[in-house]
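The structure appears right after this line, and notes come after that.
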Amino acid sequence: MTATASNPLTTDPDFRQVPRVPLSRLCRVELRKSWDTRAGLWLLIGIGVITAAIVVIFLLVADSRDTTWDNFLGATTLPQNILLPVLGVLLVTSEWSQRTWLVTFTLEPNRSRIAVAKVVATLVLAFAAVLLALAVSALATALAAVFFDAGGIWNLSGGDFGDIVVAQLMAVLQGVAFGMLIMTSAAAIVALFALPLAWTILVNLVTALNDLRDWLDLQTTNIALFEHTMDAEAWAKLGVSVAVWVLLPLVLGTIRLLRREVKSA
Amino acid sequence: MIVIEGLTKRYGDHTAVDDVSFHAEPGRVTGFLGPNGAGKSTTMRMTVGLTPPSRGHSTVLDAPYSQLANPGRNVGVLLDASAQHAGRTGREVLTLGAMVMGLPGERVDAMLELVGLTSTESKRRVGNYSLGMRQRLGIAHALLGDPRVLILDEPANGLDPAGIHWMRGLLRDFAERGGTVLLSSHLLHEIEVIADELVVIGRGRIVAQGPKAELLHAAGTLVRALDSAALKSALDQSGIAVVATRAGDALIADANTEQVGRAAAAERVVLTELRAAEGAGLEQMFLSLTADDSREEVTA
């Protein structure tokens with residue numbers, strides 16, 4: 001039927017000497033999976049459009065003295081901080097809901113390598129989202145400089161940009177972790193937002209828990225990140241809360257992914 | 001070459017697969033036959049490392065599947081044709097597979113052509129495919145890496161008679177080139193058309209295995225002994241071939257009852273059963289195995 005049909009399969013004595021699939025290739029495949037479905041593509045487009053829209057709105061409504069690069073970029077952080085974890089969740093949970101683990105894990109039986117590829121792919125996507133935010137906010141700053149008297153101030157420092165990169169990478173990583181741990185899209189997304197929110201409310205209401213809030217509530221500890229007021233103590237507090245809310249779920253989720261039986265139906 | 005030895009899978013009290021052992025040899029199409037829920041898929045999932053076995057082990061090309069580097073280049077696997085992202089196009093599904101395996105893009109076109117999916121069809125989303133088209137896509141995916149072994153779970157499901165005929169040609173050609181094929185089905189007539197060797201499973205246990213011709217038109221003698229190994233060697237010494245096995249260590253010997261009886265007596269083997277194997281025994285056995293399922297079909 002094709003050119004492959006005539007030659008025998010077993011002539012090559014070294015057919016088993018195929019090298020292992022390089023991790024870089026697995027990462028590229030996982031990255032591709034983020035946009036090669038309609039749902040995935042629209043989520044990415046959505047993140048891009050919302051990022052651009054929020055900057056445009058800020059440009060239209062802000063006082064001209066506030067039209068700084070730093071503020072434009074700052075406006076994009078909250079929507080991206082909400083949407084990027086969803087992206088992370090879906091890149092993992094869709095493999096369960098669409099049952100594509102059957103294929104993913106038969107082509108690469110070493111599941112930990114797939115877990116690493118998923119994490120790398122989502123980190124790349126999050127970084128790309130922040131770069132897009134940086135570019136759009138630079139464009140807005142340039143426009144503000146042209147159209148407003150006191151506007152368009154190029155005040156963004158490398159450190160400020162770094163803070164935002166850290167915040168968004170953490171957010172997307174938390175999404176991957178919850179996706180691995182909870183495995184179904186809806187439940188993982190609800191848990192991703194409801195659990196931290198419930199915890200934030202609890203530790204703020206109960207005075208006795210205020211120490212816990214300062215060290216273990218990510219919504220409290222990352223404020224300094226968004227306000228660019230990080231110091232040694234703030235990094236320590238952030239580190240502890242990230243360990244609990246991001247790294248711990250990531251470790252538990254990875255263990256679950258490695259052990260879980262993959263069934264077809 | 002696929003070797004399955006003593007594979008067992010328990011879910012709590014339920015034993016889904018119970019001590020299953022068989023070989024699938026190169027150059028042969030081995031059919032794995034059994035009613036729905038008999039343990040075929042679980043056995044296949046254990047073979048490719050998706051389900052950890054409770055006991056036993058398996059190798060594909062002399063290695064546990066999970067230790068194969070880039071397994072797609074050596075083993076083509078289709079476990080569930082519908083287990084593809086509904087929002088991905090058929091071509092994209094193959095492209096992802098080709099990327100992982102490190103294959104050029106032309107391989108995708110070649111496989112689409114081989115399974116008869118047109119360019120237009122390949123650009124549609126899998127969610128809009130019929131089951132038959134998904135099976136063809138799944139076969140294309142399994143063949144992408146030019147493998148030596150094919151493991152296909154219910155690949156003929158959803159294919160029309162012409163499609164089944166096509167698959168027979170494809171798999172026969174693959175086997176004739178030295179490939180190993182293990183495919184499962186819950187339909188006797190489907191397997192009859194495609195397979196050379198049969199492994200019949202019911203309620204998690206293998207109930208018969210051997211060449212298709214022998215099992216379907218079982219002539220010869222059904223013989224059972226207290227010591228099955230001794231019986232085998234007794235038959236062997238008398239030059240009587242064992243053509244198939246049945247549940248409970250029974251053997252189907254290629255000789256009449258007297259010849260088998262003499263062979264056993266010569267080696268002082270105690271027989272517990274000795275009778276002519278009835279014709280169409282496989283069909284009878286399969287009907288009794290599927291009785292539960294057919295009752296469901298009537299009421300459904």
Side-chain angles (χ1 to χ4, degrees), chain A residues 1-12 14-22 24-33 35-43 90 94-111 113-114 117 258-265, chain B residues 26 41-42 45 48-52 61-75 77-80 82-89 92-93 95-97 99-102 110-111 113-114 116 125 138 141 143 145-149 151 153 169-170 173-174 176-180:
Chain A
M1 279 178 222
T2 66
T4 59
S6 52
N7 49 316
L9 298 161
T10 43
T11 48
D12 178 7
D14 290 330
F15 66 89
R16 251 164 291 178
Q17 306 305 311
V18 190
R20 193 158 114 115
V21 182
S24 60
R25 209 197 278 158
L26 292 176
C27 294
R28 274 190 291 124
V29 169
E30 292 307 324
L31 205 52
R32 188 176 170 111
K33 285 182 187 172
W35 55 261
D36 73 353
T37 65
R38 197 176 286 171
L41 185 62
W42 279 108
L43 180 59
L90 291 179
S94 68
E95 299 251 16
W96 288 112
S97 63
Q98 302 284 336
R99 297 178 292 153
T100 42
W101 284 132
L102 279 180
V103 174
T104 306
F105 288 154
T106 43
L107 291 182
E108 177 51 73
N110 188 337
R111 297 187 189 183
R113 302 184 81 219
I114 297 290
L258 298 190
R259 293 198 179 160
R260 180 84 178 181
E261 180 185 0
V262 177
K263 292 193 186 188
S264 52
Chain B
S41 301
T42 308
R45 283 203 315 275
V48 300
L50 291 175
T51 293
L61 294 166
D62 303 326
Y65 184 91
S66 58
Q67 282 170 29
L68 294 172
N70 201 342
R73 296 291 287 271
N74 285 317
V75 187
V77 180
L78 170 59
L79 291 179
D80 183 349
S82 294
Q84 283 297 354
H85 198 299
R88 233 165 241 148
T89 65
E92 179 62 21
V93 166
T95 303
L96 286 176
M99 272 179 80
V100 176
M101 293 180 223
M111 288 305 102
E113 196 196 322
L114 178 70
R125 290 170 200 281
H141 194 274
L143 289 169
D146 195 17
R148 271 76 191 161
V149 177
I151 298 176
D153 195 1
L170 186 84
D173 176 65
F174 183 83
E176 273 165 13
R177 288 154 59 212
T180 305

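Small disclaimer: the values here were computed from a predicted structure and weren't measured. Numbered from 1 within each chain, the chains take letters A, B, ... in sequence-line order.
The environment of A:R25 atom CZ is dense: over 12 non-hydrogen atoms of other residues, nucleotides or ligands sit within 6.0 angstrom. Environment of CH2 in A:W42: sparse, with no more than 12 heavy atoms of neighbouring residues, nucleotides or ligands closer than 6.0 Å.
Using a 4.5 Å cut-off between heavy atoms, B:T95 contacts chain A through its side chain alone, with no backbone atom that close. Of the two parts of A:R28, the backbone and the side chain both hold a non-hydrogen atom closer than 4.5 Å to a non-hydrogen atom of chain B. Only the side chain of B:V77 comes within less than 4.5 Å of a heavy atom in chain A; its backbone stays farther off. Residue contact with chain B, scored on non-hydrogen atoms closer than 4.5 Å, involves the side chain of A:L26 exclusively. Only the backbone of B:P147 has a heavy atom closer than 4.5 Å to any heavy atom of chain A. For a residue to count as touching a neighbouring chain, one of its non-hydrogen atoms must lie under 4.5 Å from one of that chain's; by this rule A:D36 touches chain B with backbone and side chain alike. Heavy atoms closer than 4.5 Å to chain B are found in both the backbone and the side chain of A:V29.
Listed for the A:R111 side chain is no donor-acceptor partner under 3.5 Å among the backbone atoms of A:F105.
When B:V100, B:T89, B:V48, B:L143 are compared by the number of non-hydrogen pairs under 4.5 Å with chain A, B:V100 comes out ahead. Of the residues considered (A:N110, A:T106, A:T104), A:T106 shows the highest number of contacts with chain B, using heavy-atom pairs under 4.5 Å. In terms of non-hydrogen atom pairs under 4.5 Å with chain A, the most contact-rich of B:T51, B:V93, B:V75 is B:T51. When each of A:E108, A:K33, A:E95 is scored by its heavy-atom pairs under 4.5 Å with chain B, the top score falls to A:K33.
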Under the side-chain contact (heavy atoms from CB on, under 4.5 Å) rule, what do A:K263 and A:L102 come out as? Steps first, then yes or no, please.
CA-CA 7 Å; A:K263 292 193 186 188; A:L102 279 180; over 6 Å; no
Tell me, with the steps shown, if A:E261 and B:L50 meet side-chain contact (heavy atoms from CB on, under 4.5 Å).
CA-CA 6 Å; A:E261 180 185 0; B:L50 291 175; over 6 Å; no
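Taking a cutoff of 4.0 Å between a charged side-chain nitrogen and a carboxylate oxygen, B:E92 and B:R125 do not qualify as a salt bridge.
Listed by first and then second residue, the salt bridge (charged side-chain N to carboxylate O under 4.0 Å, His left out) pairs that reach into residues 63-72 of chain B come to none, sequence neighbours excluded.
Shown here for B:P26 and B:G178, the closest heavy-atom pair between the two residues is CB-O, 3.6 Å.
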